[in-house]
Amino acid sequence: MTTRSCPCGLPEAYEACCGRYHSGSAAAPTAERLMRSRYCAFVRLDAGYLLRTWHPRTRPERVDLDPGMRWTGLEILDTTGGSAFHTTGTVTFRASYRGGSLHERSRFERVDGAWVYVDGDFLS
């Protein structure tokens, strides 16, 4: 994937985009970048990253990912807060997969300075 753009939808190569967050060499600087990196983790079946970036209060014991699921795109529809100057934020997005899409408003918080996913509401 070094010559292709990142699955998160940004034009950078995976290694320069979400790959650095997945490897732990950098932390997502905003709630939106964390959302994008978590979508990319679903695409790449990286359950460890999903768990590491889940709020301790709401984190499940494990994440079972379906290797047959084919994610086809991410569209960020709205963001509130979630920058370097905030402690909370929301990201509303539509994630498409073969056969449908998921529309969600996700909530994020900072824990020890790092953005983590708290929970989300499915939207119609």
Give the C-alpha distance, both sets of side-chain angles, the deciding distance and a yes or no for side-chain contact (heavy atoms from CB on, under 4.5 Å) between Val43 and Met69.
CA-CA 8 Å; Val43 171; Met69 177 70 93; over 6 Å; no
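- Cys8 has its side chain within reach of Cys17: a pair of non-hydrogen atoms, C-beta onward, lies under 4.5 Å apart.
- A distance of 12.5 Å separates CZ in Arg110 from NE2 in His55, rounded to the nearest 0.5 Å.
- The distance between the ring centers of Trp71 and Tyr97 falls below 6.0 angstrom.
- Contact annotation: the side chain of Leu45 approaches that of Pro67 to within less than 4.5 Å [non-hydrogen atoms, C-beta and beyond].
- Among all heavy-atom pairs drawn from Leu34 and Phe108, the shortest one is CD2-CD2, 3.7 Å.
- The hydrophobic clustering, which links ILVMFWY residues whose side-chain heavy atoms are closer than 4.5 Å, places Ile76 and Tyr21 together.
- Taking the side chain as every heavy atom from C-beta outward, Arg38 and Tyr117 approach each other to under 4.5 Å.
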Any chance you could lay out the side-chain contact (heavy atoms from CB on, under 4.5 Å) test for Val116 and Arg59, step after step, and finish with the verdict?
CA-CA 10 Å; Val116 292; Arg59 180 186 311 133; over 6 Å; no
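- A salt bridge links Glu109 with Arg57: the distance from a Lys NZ or Arg NE/NH1/NH2 to an Asp or Glu carboxylate oxygen falls below 4.0 Å.
- Taking OG1 of Thr88 as the start and CZ of Arg107 as the end, the distance is 10.5 Å to the nearest 0.5 Å.
- Taking the centre of each ring, His22 and Tyr14 come in below the 6.0 Å mark.
- For the pair Ser83 and His86, the tightest heavy-atom approach, listed with the atom from each and the gap, is OG-ND1, 2.8 Å.
- Following chains of ILVMFWY side-chain contacts shorter than 4.5 Å, one cannot reach Leu10 starting from Met35, and the two form parts of different hydrophobic clusters.
- Applying the side-chain hydrogen bond (donor to acceptor under 3.5 Å, both in side chains) rule to Arg98 yields no partners; only residues at least two apart in sequence or on another chain are considered.
- Between Pro29 and Trp115, the shortest heavy-atom distance links the atoms O-NE1, 3.3 Å.
- The CH2 atom of Trp54 sits 9.5 Å away from atom CG of Asp119, with the distance rounded to the nearest 0.5 Å.
- Using a cut-off of 4.0 Å between Lys/Arg side-chain N and Asp/Glu carboxylate O, Arg105 and Asp78 are scored as not salt-bridged.
- Residues Thr30 and Glu32 bring no donor and acceptor atom of their side chains to less than 3.5 Å of each other.
- Ion pairing between a basic and an acidic side chain is recognised when a charged N comes within 4.0 Å of a carboxylate O; Arg36 and Glu75 show no such pairing.
- The distance from atom CD of Glu61 to atom CG of Leu51, rounded to the nearest 0.5 Å, is 10.0 Å.
- Donor-acceptor pairing under 3.5 Å is recorded for the side chains of Thr90 and Thr80.
- Considering all non-hydrogen atoms of both residues, Arg20 and Ser23 come closest at O-OG, 3.2 Å.
- Summarising the geometry, atom CZ belonging to Phe93 is positioned 9.0 Å from atom CG belonging to Leu77; distances are rounded to the nearest 0.5 Å.
- To the nearest 0.5 Å, atom NE2 of residue His103 and atom CG of residue Asp121 are 11.0 Å apart.
- Nearest approach of Val118 to Thr58, heavy atoms of both residues: O-OG1, 2.6 Å.
- At a threshold of 4.5 Å between non-hydrogen side-chain atoms, the residues Thr92 and Glu104 do not count as touching.
- Between Val63 and Pro60, the shortest heavy-atom distance links the atoms CG2-CG, 4.2 Å.
- Between the side chain of Ser96 and the backbone N or O of Ser101 there is no donor-acceptor pair closer than 3.5 Å.
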